[in-house]
Amino acid sequence: MIYFIYLLFILSIFLSIFKKKIGYALSAITSIIFVYYGITIGNIYGYFFIISGLVWLFSSIFSIFYDTYGRWLSPLFITSILGMTIALTARTYIEFLAGWEIMTIPAYAIIGLNRKLDSPAFIFMGFGELSTILIFAGFIYAYTTSNSFYFTALDTYIPLIVVTFGFMIKMGIFPFLVTEWLPIAHGNSPANASAILSATMTLVAAYGIVKMMLLSPDIPILGYILMGIGGFSVFFGALYAYISEHVKGLLAFSTIENNGAILSAIGVYMTYPTKTIAEFALDVIVTFAFAHSIAKTGLFMISGTVEGEALSKLKIIRNKLGEIGGILLASSMSGLLPNIGGVATWSLLESLFMEAYILHSTLSSISIITGSVIAMGEGFASAAMIKFISYTQVFKGITGKSAKITIFSIIGFVILILGSLSYLLFRNFIYGVPSLGIPNGFIIISEYSSGKIFGDISPFYVLILIVVFSLLTLGIFGKPKVRKTNTWNNGIKPREEYTAFAFANNIRLMLSKLLRTEIKRDSLETSTDIFWKVMYYIAKKYVIFSRLLARSYMNSSISWYIIYMILAFILITILVVIL
């Protein structure tokens, strides 16, 4: 079946060159087939196929109404999807790398279609190829130890270490911190492309780590490192999302935050103190992947329905359906129940604290600190999502209808339904409390060993209670009355409107040493990503040092070259004697 799916995607590419709407339509149909293929797989990899297929289905339908970028966006968009399909279903290292590059190169071209700036496409390609080099190196080492190009069990963890850092770059987590290369790249793409880049390209990277992790020996130290990096990325990704004024930039920082959470869950699996916690951590990884990918697709579609880049200066068409759908998407990304994002956040924190409880040693502090940092990051994430949805759907706009609004609203309801369907992702952790009127199958438990329950949650009953109490409140008190007051703009000059910049200015003032506000030529107000600044500073110093070294000692002087040869001869002689 998979070759039939490849063939349909290739046909979609050719059709889209001449009739892009037909190409997108066939891509959507093929994505449905890919979802079905994922359901038939019946293991953890099948979940990644289902997630990707759903994202491509919604993105392809949205593209039919969105794509006004000329002739080449549609074939490049579908080619990138084809590359992801090949990477996800690859049986060998070579197939995976082929799919990885087929996925990356069209994305580079798509970003280049936006000609306001040249740098985003090159930044994307530079980090993308750095990622490929590390993955390629890891796969070569895996081949030399297993003597096989196929993904098979390995007796060394070195390939896992190397490819993990390669995949992390693609997830926007480089080198160990949060940097803004991913927001630069995704923020300069058309909205439909940003959706698949953020939701599924980073998902393929997470899939790659999981695949190599399940084939490699246990290496707890790597797990603790990933756990810490993940927690750090959650906090700073959410912080920069909160202060970002750029519509897509905010969402891209949110992607880093979510990928940090997935990385922490992977860390829990690698450091598992019991088999039960390991099994629970795998379910957390899949649940978080579902929550992030589907919701982020819808949120990037919202960015495609507005005109402008700065949140405070957008031109928006909005209606009640879009408002409800957008709030559902944002609440899921805020980690709130009964959406699947709430289940994902709860289960991640449970897995971290269960591990700390079982270890009961100094290593417990890593899990506790990571869990606490993630919890603080989720607070910023909630604030960032409130800001985004308020200034794109709730506060202002011209009332109107649009097929694009309908599509992301449907995804909002899908996210809500997925919260109740999350029981299917935790098959071995389902209970009930018949004495309280909750039958078996309606409570998800966190369990650190057989029969040892740590916590529980019921997204379906949370949904029921919210509906019941909302209707009761509405019936008793009626519609809420609106009261207008003077605005408090968090330390900046008062205006008639409470702007998005003012919304986050309290944190800018409190963290003024870390965040430095800058007003660009187009009046877009942004804050500095200190990690990006440091990396840029180091790169500039390295370039200066390289030029100085080249002019001083690589200047075509015969004398220096003879010295190099003598030193090399002495060094090799010493190594031969020692070895």
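The structure displayed is predicted, hence computed values, not measured ones.
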Side-chain touch I317/K404, heavy atoms, less than 4.5 angstrom: no

Set of residues satisfying side-chain hydrogen bond (donor to acceptor under 3.5 Å, both in side chains) with respect to T200, sequence neighbours excluded: W56

Residue list, salt bridge (Lys or Arg N to Asp or Glu O under 4.0 Å) with E95, at least two apart or on another chain: R91

Residues that K320 engages under salt bridge (Lys or Arg N to Asp or Glu O under 4.0 Å), provided they are two or more places apart: E323

Check: F151 ring centre within less than 6.0 Å of F139 ring centre: yes

Salt bridge (Lys or Arg N to Asp or Glu O under 4.0 Å) partners of residues 60-72, not counting sequence neighbours, each pair once: K20-D67

Pairwise side-chain contact, L197 with S189, heavy-atom cut-off 4.5 Å (strictly under): yes

Any T164 side-chain heavy atom under 4.5 Å of M212 side chain: no

Set of residues satisfying ring pair (Phe, Tyr, Trp, His ring centres under 6.0 Å) with respect to Y24, sequence neighbours excluded: F77

All side-chain hydrogen bond (donor to acceptor under 3.5 Å, both in side chains) counterparts of T104, not counting sequence neighbours: K170

NZ or CZ of K211 within 45° of Y45 ring axis and under 6.0 Å: yes

Any F167 side-chain heavy atom under 4.5 Å of Y207 side chain: no

